[in-house]
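Here's the structure, in structure tokens; my notes come after.
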There are 2 protein chains.
Amino acid sequence: MARTHGSRAEITGPLIRDAARRLFARHGFAAVSMRQIAAEVGVQAGTLYSYTADKQALLADLLRSHMEELLAAWQDDPSRPALDRLRAFLRFHIQTSLERPEAVFLSYMELRNLTAENRAQIAALRRRYEDALEAILIAGLAEGTMAMPDTRLATMALIAMLTGVTNWYREGGRLDQDRVVAVYWDLVRGAVGA
Amino acid sequence: MARTHGSRAEITGPLIRDAARRLFARHGFAAVSMRQIAAEVGVQAGTLYSYTADKQALLADLLRSHMEELLAAWQDDPSRPALDRLRAFLRFHIQTSLERPEAVFLSYMELRNLTAENRAQIAALRRRYEDALEAILIAGLAEGTMAMPDTRLATMALIAMLTGVTNWYREGGRLDQDRVVAVYWDLVRGAVGA
DNA sequence: GTCTATATAAAGATAGAC
DNA sequence: GTCTATCTTTATATAGAC
């Protein structure tokens with residue numbers, strides 16, 4: 001596994017991030033050692049410190065880039081009917097959650113291991129993501145196509161429900177992804193009073 | 001803090017469990033040392049091993065007793081209308097989740113740190129709890145007072161949604177517990193097609 | 001039942017050679 | 001850019017005294 005003095009910076013960085021994401025998600029941040037990450041990549045432990053200031057910064061980078069990718073990928077069109085937008089959000093959220101279950105899991109679980117500064121930064125990104133959903137619910141109320149007593153609570157409830165898919169979904173299991181989206185859409189549509 | 005040779009076994013056991021629950025929930029299982037737990041209780045680290053075989057068994061005890069208390073406390077009455085039973089389940093789940101947020105959090109997060117045997121045991125208990133909810137949904141379908149495409153997915157979706165309350169609820173925040181139950185009841189009732 | 005002391009292993013991080 | 005070697009700290013767990 002271990003190479004001797006081979007240099008390939010362009011790929012080592014991403015490999016470190018991939019290994020860290022996988023290991024942190026599987027065992028928990030504190031349970032994973034820098035040596036384990038290094039072994040997974042095929043470098044020595046000391047090498048990791050050419051790519052990250054410390055272990056915590058490595059986690060922070062993973063969470064920040066995940067949230068930024070999520071925000072960049074979500075394309076909303078406020079001119080469309082709110083129910084269509086909600087349907088699109090649901091599909092987007094389930095799809096990305098199932099594509100990157102490890103990053104999703106980390107983003108909801110390992111905030112506590114960040115410095116206060118990094119934690120605040122990630123929390124702000126997450127808040128923007130939640131606001132994207134709430135905007136749709138507010139539009140639905142204004143249109144009269146949805147009904148609910150509290151858009152903020154509904155936002156939190158829906159995100160928790162959708163993200164929960166990662167807890168039980170198994171590739172090749174009883175239901176494929178489209179079917180999951182369809183079933184959840186029935187539940188969500190009912191929940192928002194449509 | 002540290003006493004010298006004082007003996008009080010009746011209370012030290014529960015204190016260890018309380019401290020471990022709090023610390024594991026706050027920092028993560030792997031991030032907490034036996035020394036930290038001991039310091040919180042006011043004993044020396046070695047003393048903990050009079051109460052648990054090892055660190056992992058301490059976690060397993062916490063999760064097992066939490067699930068067992070939950071199952072013992074939930075009183076269902078299958079002769080009542082399914083919607084009433086669902087309402088009662090919702091209130092029970094939100095109430096206990098907010099009363100014991102640390103145990104709830106651990107039960108969903110730290111299964112990965114158990115031995116395979118302990119993990120299977122806890123998973124079976126959790127499954128029984130999920131089945132208690134699904135039984136209500138199945139009854140609702142049979143009654144014709146609910147409608148949903150998949151009772152198993154609906155079960156997982158509802159539990160994720162309700163448990164998510166612990167992620168954002170703050171004592172003394174914008175909403176008191178009864179109000180939260182009322183808002184979620186609106187969402188749940190819609191989701192199950194009532 | 002609890003303490004003190006310790007065996008043994010592994011952690012995060014850094015320095016300097018190649 | 002990566003490796004080797006190492007400093008320093010901390011961890012789990014156990015043995016035996018009180």
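For the numbers below, each heavy atom of this structure counts, side chains included, while hydrogens, waters and symmetry mates do not. Chain A is the first sequence line, chain B the second, and so forth, proteins listed ahead of strands; every chain is numbered from 1.
Of the candidate nucleotides D:dT4, C:dC3, D:dT2, C:dC3 has the atom nearest to the side chain of B:Thr47.
Stem list for DNA chain C (at least 3 consecutive Watson-Crick or G-U pairs, distances under 3.5 Å): C:1-18 with D:1-18.
The separation between A:Phe29 atom CZ and C:dA11 atom C1' is 12 Å, rounded to whole Å. At whole-Å resolution of the value, CD in B:Gln44 and C1' in D:dC18 are 14 Å apart. Whole-Å rounding puts the A:Leu48 CG to C:dT14 P distance at 13 Å. The interatomic distance linking A:Tyr51 (OH) with C:dA13 (P) rounds to 18 Å, in whole Å. Going from atom CE of B:Met34 over to atom P of C:dC3 covers 14 Å, rounded to whole Å.
For A:Tyr49, no side-chain nitrogen or oxygen approaches OP1 or OP2 of D:dG1 to under 4.0 Å. For B:Thr12 and C:dG1, the shortest distance from a side-chain N or O to OP1 or OP2 is not below 4.0 Å.
Evaluation of the ring-ring contact (aromatic ring centres under 6.0 Å, His included) test over residues 159-194 of chain B, restricted to residues two or more places apart or in two chains, returns none.
Remark: B:Ala132 engages B:Trp74 in a side-chain contact (heavy atoms from CB on, under 4.5 Å) (not counting sequence neighbours). Partners of A:Tyr129 by side chain to side chain donor-acceptor pair (under 3.5 Å), not counting sequence neighbours, listed by chain and number: A:His93. Residues passing the side-chain contact (heavy atoms from CB on, under 4.5 Å) test with B:Ala120: none are found, sequence neighbours excluded. For the ring pair (Phe, Tyr, Trp, His ring centres under 6.0 Å) test, residues two or more places apart in sequence or in another chain that qualify with B:Phe24 are B:Phe29. Residues satisfying the side-chain contact (heavy atoms from CB on, under 4.5 Å) test with A:Arg64, not counting sequence neighbours, are A:Ala60, A:Asp61, A:Glu68, A:Asn118, A:Gln121, A:Ile122, A:Leu125. For B:Ala31, the side-chain contact (heavy atoms from CB on, under 4.5 Å) criterion is met by A:Ala30, B:His27, not counting sequence neighbours.
Among the protein residues, B:Ser33 comes within range of the sugar-phosphate backbone only, with heavy atoms under 4.0 Å from sugar or phosphate atoms but none that close to a base. Residue contacts for B:Ser50: at a heavy-atom cut-off of 4.0 Å it reaches a base atom on one of the strands shown.
Hydrophobic cluster membership for B:Phe105: A:Phe105, A:Met109, B:Met109 (Ile, Leu, Val, Met, Phe, Trp, Tyr linked by side-chain heavy atoms under 4.5 Å, directly or transitively). B:Ile138 shares a hydrophobic cluster with no other residue; no ILVMFWY side chain has heavy atoms under 4.5 Å from its own.
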Atom pairs, protein N/O to nucleotides 6-8 of chain D N/O, distance under 3.5 Å:
none

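Looking at B:Thr52, its side chain never comes within 3.5 Å of a backbone N or O of B:Tyr49 through a donor-acceptor pair.
Near-neighbour residues of DNA chain C inside residues 52-64 of chain B, defined by a heavy atom below 4.0 Å, are absent.
Salt-bridge annotation for B:Asp131 and B:Arg127: present, with a side-chain N of the basic residue lying under 4.0 Å from a carboxylate O of the acidic one.
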